[in-house]
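Working notes for the structure below.
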Amino acid sequence: MLRDALFRLGKPLLHGMDGETAHGLTLKALQLMPCGVPPSGDPVLRQELFGLNFSNPLGLAPGFDKNAEVPNQMLSLGFSHVEIGTVTPRAQAGNPKPRLFRLVEDDAVINRMGFNNQGHGPVFTRLRDRKRTGIVGVNIGANKDSEDRIADYVAGILVFAELADYITINISSPNTPGLRGLQSARELQTLLTRLNAARVTLPRKLPMLLKIAPDLSEAEMRDIAGCCKDGAVDGVIISNTTLSRPALSSRHANETGGLSGLPLRQLATRRLAQFHQYTEGSIPLIGVGGIGDAASAFERILAGASLLQVYSGLVYRGPQLVQEIVDGLPKLLRQSGYGTLTQACGAEAKRLATTVPSAGSW
């Protein structure tokens, strides 16, 4: 594909720049590209989840397109869904630069962006004006200086209800002080109660997902699983970036912020499999973190993921990663004796919940 060739040619130039500058140029280049029709994909990968039809399980994780500048262009690469954001009610600059670091030797990224985005207004306008195609979710957050963070999430639901195919509640970013406290059972219950009170006022049922951190204890995960049952949320995304640090080789290894990419794979897989067990497979799960090829994508499905998302892998593999995963999954499913992706979902959750090392044993 032309885009793959352009990435191979441009990668040395982009990787010669700091990560945030390179990312900005990538967005500008994507805006100039026509939006083609995404390939239909193998029928074995199709699913209906929370009222939406997914052509395949692979989506774009938030952070790449914070301000909804290129959702259609990313869908045309073959993603079944794109999640934009994180978006806060008011625009905010985020944390001081530099705040994005490539750990090339580790196939990893560390970021401490801090929810930098243009705010609800500009993002709403772009989503309203785009040609409606594919599934686009909106990841919402709270402003750093907000006096009522839960009110910020309620505002996000009300603002984007008519445009978002689903909403993700991001309470797990490590780069907004105190935000992860909303994951505690008491605060999470209060949050979900207020959000669901807002949801019932909407003219349609808006799917709502919750994104959690990989650094939770098993007891904390059990508490969250309990809060998420009985329709409180429609799905759970596991996981956000990690504050833990396995053995890393890069000179940026000690930068503060959230770690993503290949080093997160084992921890994210374990947490996903555990959560699948805690919820007894009753809630659709979305696997994120360290997915860099078809094999790691398939592993996450076996651990309990119905859907997948990638971002850091694109930094090193480019757009070819999307088609490699979408083309590779049907082969792996059939080789393992599964007729559909749904049959494979969670098939090895028990094993992966106990045999994949936790962060403390890396």
Side-chain angles (χ1 to χ4, degrees), residues 38-61 75 77-83 134-135 137 165-166 207 209 214 221 225 228-229 234-239 262 264-311 313-314 317 320-357:
S40 57
D42 194 307
V44 75
L45 299 181
R46 295 174 188 166
Q47 300 175 91
E48 181 179 339
L49 295 164
F50 28 88
L52 300 172
N53 293 311
F54 293 86
S55 59
N56 67 69
L58 189 64
L60 177 67
L75 285 166
L77 294 181
F79 287 112
S80 69
H81 63 287
V82 165
E83 190 169 311
I135 296 172
D165 290 299
Y166 68 87
L209 313 183
M221 289 183 63
C228 291
K229 289 182 178 180
D234 298 288
V236 179
I237 300 177
I238 307 169
S239 64
L262 183 61
L264 180 55
R265 174 179 171 177
Q266 293 181 327
L267 179 60
T269 302
R270 180 185 177 94
R271 290 295 183 245
L272 177 76
Q274 289 171 330
F275 205 87
H276 183 272
Q277 290 193 297
Y278 299 155
T279 56
E280 299 177 331
S282 63
I283 303 173
L285 305 181
I286 297 87
V288 192
I291 297 173
D293 53 25
S296 55
F298 186 51
E299 176 186 64
R300 210 63 58 93
I301 290 165
L302 294 173
S306 296
L307 298 173
L308 311 165
Q309 291 181 348
V310 297
Y311 176 7
L314 295 174
R317 301 291 309 284
Q320 68 177 7
L321 174 63
V322 181
Q323 214 54 47
E324 285 183 12
I325 292 176
V326 173
D327 289 344
L329 278 176
K331 298 174 185 177
L332 291 171
L333 284 166
R334 294 184 174 111
Q335 288 172 6
S336 301
Y338 297 109
T340 65
L341 187 148
T342 304
Q343 291 175 0
C345 180
E348 296 188 28
K350 184 176 181 180
R351 175 182 67 82
L352 291 169
T354 56
T355 59
V356 176

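Hydrogens, waters and symmetry mates play no part in the numbers below; they use all other heavy atoms, side chains included.
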To the nearest 0.5 Å, what is the distance between [atom1] on [X] and [atom2] on [Y]?
X: Q274; Y: T279; atom1: CD; atom2: OG1; result: 11.5 Å
X: L262; Y: S296; atom1: CG; atom2: OG; result: 8.0 Å
X: L308; Y: R300; atom1: CG; atom2: CZ; result: 7.5 Å
X: L307; Y: L285; atom1: CG; atom2: CG; result: 9.5 Å

Exercise. Might you work through the side chain to side chain contact (heavy atoms under 4.5 Å, CB included) test for L272 and V288, ending with a clear yes or no?
Key: CA-CA 9 Å; L272 177 76; V288 192; over 6 Å; no
Is the shortest heavy-atom distance from the side chain of [X] to the side chain of [Y] under 4.5 Å?
X: R46; Y: N56; result: no
X: R271; Y: S239; result: no
X: F298; Y: L341; result: no
X: Y278; Y: M221; result: yes
X: H81; Y: D165; result: no
X: Q309; Y: I286; result: yes
X: V310; Y: F79; result: yes
X: L45; Y: P57; result: yes

Self-check item: Residue pairs fulfilling salt bridge (Lys or Arg N to Asp or Glu O under 4.0 Å) with at least one residue in residues 326-338, sequence neighbours excluded
Solution: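 Residue pairs with at least one partner in residues 326-338: D42-R334.
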Which pair of heavy atoms, one from [X] and one from [Y], lies closest together, and at what distance?
X: I291; Y: L321; value: O-CD2, 4.4 Å
X: A268; Y: G289; value: CB-O, 3.9 Å
X: V326; Y: G78; value: CG2-O, 4.2 Å
X: A294; Y: I325; value: N-CG1, 3.9 Å
X: I283; Y: G235; value: CG2-CA, 3.6 Å
X: H276; Y: A349; value: ND1-CB, 3.6 Å

Quiz item: With sequence neighbours left out, what residues match E324 under side chain to side chain contact (heavy atoms under 4.5 Å, CB included)?
Solution: R317, Q320
Spell out, as yes or no, whether a donor-acceptor pair under 3.5 Å connects the side chain of [X] to the backbone of [Y].
X: Q47; Y: S306; value: yes
X: S55; Y: S80; value: no
X: E299; Y: A295; value: no
X: T354; Y: R351; value: yes

Exercise. Please name the residue in the list L332, T342, L329 that meets the side chain to side chain contact (heavy atoms under 4.5 Å, CB included) test with I301.
Key: L329
Practice problem: Just do the side chain to side chain contact (heavy atoms under 4.5 Å, CB included) check on I135 and Y166 with the steps written out, would you? | Solution: CA-CA 8 Å; I135 296 172; Y166 68 87; 4.1 Å; yes
Quiz item: Taking it one step at a time, do L77 and Q323 satisfy side chain to side chain contact (heavy atoms under 4.5 Å, CB included)?
Solution: CA-CA 8 Å; L77 294 181; Q323 214 54 47; over 6 Å; no
